[in-house]
Amino acid sequence: MAETKNQQGFVFSGKKRPSTGQDGDDDFIVANKKSMLSTGLPSMWEDPAAALASARHEFGEHGGVNMSIEASATFTVMEPETMRRMFAGELGPDRDFFIYSRHFNPTVLNLGRQMAALEGTEAAYCTASGMSAISSVLLQLCSSGGHMVASRTLYGGTHALLTHFLPRACNITTTFVDINDHEMVKNAMVEGQTKVLYFESISNPTLTVANIPELSRIAHDKGATVVVDNTFSPMVLSPARLGADVVVHSISKFISGGADIIAGAVCGPANLVNSMMDLQHGALMLLGPTMNAKVAFELSERIPHLGLRMKEHCHRAMVYATKIKKLGLNVIYPGLEDHPQHELLKSMANKEYGFGGLLCIDMETEEKANRLMNHLQNCTQFGFMAVSLGYYETLMSCSGSSTSSELNDEEQALAGISPGLVRISVGFVGTLAQKWSQFEKAFSRLQDSGLYKN
């Protein structure tokens, strides 16, 4: 279906254009013709919430305030010649022509525009999972024999992809580095051979903050593309505005907020994202990690209040971190002044969103970590023992034996992951006073058990 827009720039849906022979009023067909995925926004925005509010709004088929769900797998054309032109690349979603939902789907496309606005990139494409977003973009950027440099401290699944799968299946190798040792990063990168520098903006699970501007400068000097996983810090950090080329997300986490959806996104330059959808060579097109249109619709309804949710996640994380530190526990949180990258994060972060919604408590041993989590869940109902993050309830896990278990003991030690590191994704249900009382009671039980002493 074609689109028209009113004076406010909102986009309405209408009937599909019956003819492809004339351009007609193309300016009224899409908000921006630079890219089929483009947000139509200026390149720089100070606040991601402002960018989201200024992005085009898709109305429903019958004028509903919410967009319609395009649940079709395949799309009809009005003239036989149109199909040939679509497959030849002459007609596409920028002029409201769709082939098949593994390629482009209108509902998923709109979510991609929201993600591009959120991250301040020219384009974005949404996928079936965070890992599919990561693997697809790396396979698009690296060919057989290629080399990457990556942080030692990564989500366990990403680490396994880089350490085991890509070398075996694709002959792509990775050198792992301490991402805060910029000289090590520079020395690991081989000009003309290293294609990608990959790291997390705030690392999983150690909460190490990467110096995105400096790392981007180092990588670009070596001719490499910078890919940053920003799953831990949507709204808080905008890596593309700090120099990164590509931003990837597991939308399953904070952006979803409901722990009920698995999804991912690749945000970056339009030429890269479009190349990933190429019919002959595109990693997204040919590997097929397709997002369901119904999932895209649900996610698009949650993004507008992401900023409000992130502010509360971050506010509570800061309050808890400060209070937990006063109890004498070894707490790790970038918002605390004694965190090694506190000032760095402060200098890079978008204002008013805080320092992230996760904190860690290092209990030193797995036994102590498990005992603490057991009290927090089963005695005082402070939170749930579960992996993932960004849920409205607090989620806790011992990273070394769960989400980082793909790393062996030596790799965990190099990554700075203690056997007793408890990763806590701070939720926002209940009152602060109520939830803190639950934490204090659990900690008191732990002390009474004799397992933990200050």
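What you are looking at is a predicted structure, and each value in this text was computed from that prediction instead of being measured.
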* Asked: Are D181 and K186 close enough, and set up right, to give a salt bridge (Lys or Arg N to Asp or Glu O under 4.0 Å), and what steps lead you there?
  -> CA-CA 9 Å; D181 187 338; K186 189 184 299 183; over 6 Å; no
* Evaluate side chain to side chain donor-acceptor pair (under 3.5 Å) for D245 paired with T225, printing each intermediate quantity in order. => CA-CA 6 Å; D245 301 298; T225 300; 4.8 Å; no
* Would S252 and I261 count as a side chain to side chain contact (heavy atoms under 4.5 Å, CB included) if you check the C-alpha gap in whole Å, the side-chain angles of each, and the deciding distance to 0.1 Å? -> CA-CA 5 Å; S252 319; I261 287 174; 5.7 Å; no
* Dump the intermediate steps for side chain to side chain donor-acceptor pair (under 3.5 Å) on S233 and N230, then the final yes or no. => CA-CA 5 Å; S233 47; N230 199 36; 2.7 Å; yes
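The backbone N or O of A270 lies less than 3.5 Å from a partner atom in the side chain of E122, making a donor-acceptor pair. Although no hydrogens or angles enter the test, the distance criterion places a donor-acceptor pair under 3.5 Å between the side chain of Q140 and the main chain of A283. A side-chain donor-acceptor contact under 3.5 Å links H339 to the backbone of L207. With R309 contributing its side chain and F254 its backbone, the two residues share a donor-acceptor pair below 3.5 Å. Without hydrogens or angle criteria, S238 side chain to A240 main chain gives no donor-acceptor distance under 3.5 Å. S151 places no side-chain N or O within 3.5 Å of a backbone atom of L154 that could act as its donor or acceptor partner. In terms of modelled atom types and a separation under 3.5 Å, the side chain of Q377 and the main chain of Q381 share no donor-acceptor contact.
Using cut-offs of 30° and 60° for the angle between ring planes, the Y392 and F428 rings count as tilted.
Remark: K311 NZ is packed, more than 12 non-hydrogen atoms of other residues, nucleotides or ligands lying under 6.0 Å away. The environment of E352 atom CD is sparse: at most 12 non-hydrogen atoms of other residues, nucleotides or ligands sit within 6.0 angstrom.
The ring-ring contact (aromatic ring centres under 6.0 Å, His included) pairs that include a residue from residues 167-191 are H159-F176, where partners are two or more places apart or lie in different chains. Screening residues 351-379 for ring-ring contact (aromatic ring centres under 6.0 Å, His included) gives H342-F355 as the qualifying pairs, with residues at least two apart or on separate chains.
Between P48 and L118 the shortest heavy-atom distance is CB-O, 3.5 Å. Between A188 and T175, the closest heavy-atom pair is CB-CG2, 3.9 Å. Heavy-atom minimum distance, F297 versus T107: N-CG2, 3.9 Å. Taking every heavy atom of both residues into account, Q412 and L407 meet most closely at NE2-O, 3.2 Å.
Side-chain polar atoms of T173 and H147 form no donor-acceptor pair below 3.5 angstrom. Side-chain atoms of T121 and E119 form no donor-acceptor pair, as typed in the model, at a separation below 3.5 Å. Defined by atom type and a distance below 3.5 Å, a donor-acceptor pair is present between the side-chain atoms of S132 and T127. The closest side-chain donor-acceptor pair between T322 and K325, if any, does not fall under 3.5 angstrom. Residues Q438 and K435 bring a donor and an acceptor atom of their side chains to less than 3.5 Å of each other.
Every residue was checked against the salt bridge (Lys or Arg N to Asp or Glu O under 4.0 Å) condition with D409, not counting sequence neighbours, and none meets it. For T174, there are no side chain to side chain donor-acceptor pair (under 3.5 Å) partners, not counting sequence neighbours. Partners of Q193 according to the side chain to side chain donor-acceptor pair (under 3.5 Å) rule, which considers only residues two or more places apart in sequence or in another chain, do not exist here. With sequence neighbours excluded, the residues forming a side chain to side chain donor-acceptor pair (under 3.5 Å) with S101 are N105, listed by chain and number.
Ring centroids of Y320 and F382 are separated by less than 6.0 Å, placing the two rings close together.
A salt bridge does not link K294 with E298: every distance from a Lys NZ or Arg NE/NH1/NH2 to an Asp or Glu carboxylate oxygen is 4.0 Å or more. Using a 4.0 Å cut-off between charged side-chain N and carboxylate O, R56 and E58 make a salt bridge.
Between N330 and M363, every side-chain heavy-atom pair lies at or beyond the 4.5 Å cut-off. Looking at R302 and I255, their side chains never come closer than 4.5 Å, going by heavy atoms from C-beta outward. Side-chain contact check for Y333 versus I324: every heavy-atom pair is 4.5 Å or farther apart.
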